[in-house]
Amino acid sequence: MGSSKEYLEYVLEQLSLLEDITYRAMMGEYIIYYRGKIIGGIYDDRFLVKPVKSAKEIMPDAEMELPYEGAKEMLLVDDVENREFLEKLLKAMYEELPAPKKRRK
């Protein structure tokens with residue numbers, strides 16, 4: 001199905017308390033980066049994040065969902081309206097996320 005640009009813009013606005021949020025379009029969906037690290041993405045107009053320990057602790061009741069066929073499950077963020085919650089979530093996740101891989105030239 002793909003995600004709408006409007007939903008992407010809404011999520012980016014909700015993440016505006018954080019600096020250095022970027023995204024990349026990928027096959028009709030959007031990968032979301034925080035300070036250069038992939039934290040998750042927008043898939044079928046759902047904001048999903050990587051299921052790292054801190055995210056599971058902050059969202060113990062979050063549902064695990066597939067971003068797309070053949071992918072690993074991710075955590076559904078259902079409190080997208082709460083900017084302070086999103087800021088806390090991403091800051092907690094940051095240290096656990098792997099550093100970005102160097103691209104070959």
Side-chain angles (χ1 to χ4, degrees):
M1 174 177 110
S3 294
S4 68
K5 188 84 170 169
E6 292 78 20
Y7 189 73
L8 168 69
E9 289 167 2
Y10 171 70
V11 171
L12 292 175
E13 178 63 28
Q14 294 305 99
L15 296 172
S16 64
L17 293 177
L18 295 160
E19 293 182 13
D20 202 15
I21 294 286
T22 56
Y23 72 92
R24 199 165 103 206
M26 182 79 63
M27 299 183 300
E29 308 294 1
Y30 302 96
I31 297 172
I32 307 290
Y33 296 82
Y34 174 47
R35 294 170 51 196
K37 293 181 178 182
I38 297 172
I39 56 114
I42 310 248
Y43 304 93
D44 295 328
D45 287 338
R46 299 167 299 160
F47 183 32
L48 304 177
V49 295
K50 291 188 171 196
V52 294
K53 184 175 180 241
S54 56
K56 289 179 181 178
E57 288 173 355
I58 292 170
M59 303 186 305
D61 299 325
E63 293 186 32
M64 296 289 289
E65 298 202 5
L66 285 174
Y68 53 88
E69 197 64 43
K72 293 180 182 173
E73 286 188 320
M74 298 175 79
L75 291 169
L76 174 66
V77 179
D78 60 3
D79 197 5
V80 180
E81 339 25 87
N82 186 337
R83 291 179 187 208
E84 290 78 19
F85 166 76
L86 294 174
E87 178 184 29
K88 175 183 164 188
L89 175 65
L90 269 59
K91 283 182 174 178
M93 290 176 64
Y94 182 78
E95 293 304 320
E96 288 184 70
L97 295 169
K101 293 183 173 123
K102 301 279 185 229
R103 288 185 161 194
R104 292 184 196 161
K105 294 183 178 182

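Side-chain heavy atoms closer than 4.5 Å link hydrophobic residues (I, L, V, M, F, W, Y) into clusters, and following such links, even through other members, never connects Leu89 to Tyr33. Connection of Tyr34 to Ile38 is not established within any shared hydrophobic cluster, with ILVMFWY side chains joined at heavy-atom distances below 4.5 Å, either directly or through further cluster members. Hydrophobic cluster membership is shared by Tyr7 and Leu15, with clusters built from Ile, Leu, Val, Met, Phe, Trp and Tyr side chains linked at under 4.5 angstrom. Under the 4.5 Å side-chain heavy-atom criterion for Ile, Leu, Val, Met, Phe, Trp and Tyr, Met59 and Val11 are members of the same hydrophobic cluster. Using a 4.5 Å cut-off between side-chain heavy atoms of Ile, Leu, Val, Met, Phe, Trp and Tyr, with links allowed through other members, Ile39 and Ile31 fall into different hydrophobic clusters.
Between the side chain of Glu73 and the main chain of Leu66, no donor-acceptor pair closer than 3.5 Å is present. Between the side chain of Asp45 and the backbone N or O of Ser4, at least one donor-acceptor pair lies under 3.5 Å.
In this structure, CG on Asp44 lies 5.5 Å from OG on Ser3, to the nearest 0.5 angstrom.
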Given side-chain contact (heavy atoms from CB on, under 4.5 Å), test Met93 with Val49 step by step and report yes or no. CA-CA 9 Å; Met93 290 176 64; Val49 295; 3.8 Å; yes
- Check against side-chain contact (heavy atoms from CB on, under 4.5 Å), Met64 and Leu76: CA-CA 6 Å; Met64 296 289 289; Leu76 174 66; over 6 Å; no
Exercise for the section: Could you walk me through whether Leu18 and Leu86 pass side-chain contact (heavy atoms from CB on, under 4.5 Å), step by step? Expected result: CA-CA 9 Å; Leu18 295 160; Leu86 294 174; 5.7 Å; no
If you apply the rule side-chain contact (heavy atoms from CB on, under 4.5 Å), what do you find for Phe47 with Ile32, and how did you get there?
CA-CA 9 Å; Phe47 183 32; Ile32 307 290; 4.3 Å; yes
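Counting only residues at least two apart or in different chains, side-chain hydrogen bond (donor to acceptor under 3.5 Å, both in side chains) contacts with residues 88-99 comprise Ser54-Glu96, Glu87-Lys91. Judged as a salt bridge (Lys or Arg N to Asp or Glu O under 4.0 Å), the pairs with a partner in residues 55-67 (not counting sequence neighbours) are, in order, Arg46-Glu65, Lys53-Glu57.
Every residue meeting the salt bridge (Lys or Arg N to Asp or Glu O under 4.0 Å) condition with Arg83, not counting sequence neighbours, appears here in chain and number order: Glu13. Every residue two or more places apart in sequence or in another chain was checked for a side-chain hydrogen bond (donor to acceptor under 3.5 Å, both in side chains) with Tyr68, and none qualifies. For the salt bridge (Lys or Arg N to Asp or Glu O under 4.0 Å) test, no residue two or more places apart in sequence or in another chain qualifies with Glu19. Contacts of Tyr23 classified as ring-ring contact (aromatic ring centres under 6.0 Å, His included), with partners at least two apart in sequence or in another chain: Tyr30.
Leu97 and Lys50 make their closest contact through CD2-CD, 3.8 Å (heavy atoms, listed as atom of the first residue, atom of the second, distance). Pairing each heavy atom of Met74 with each of Gly40, the nearest pair is CE-CA, 3.6 Å.
For the pair Leu8 and Glu6, the minimum side-chain heavy-atom distance is 4.5 Å or more. Residues Ile21 and Leu90 are in side-chain contact: their nearest non-hydrogen atoms beyond the backbone lie under 4.5 Å apart.
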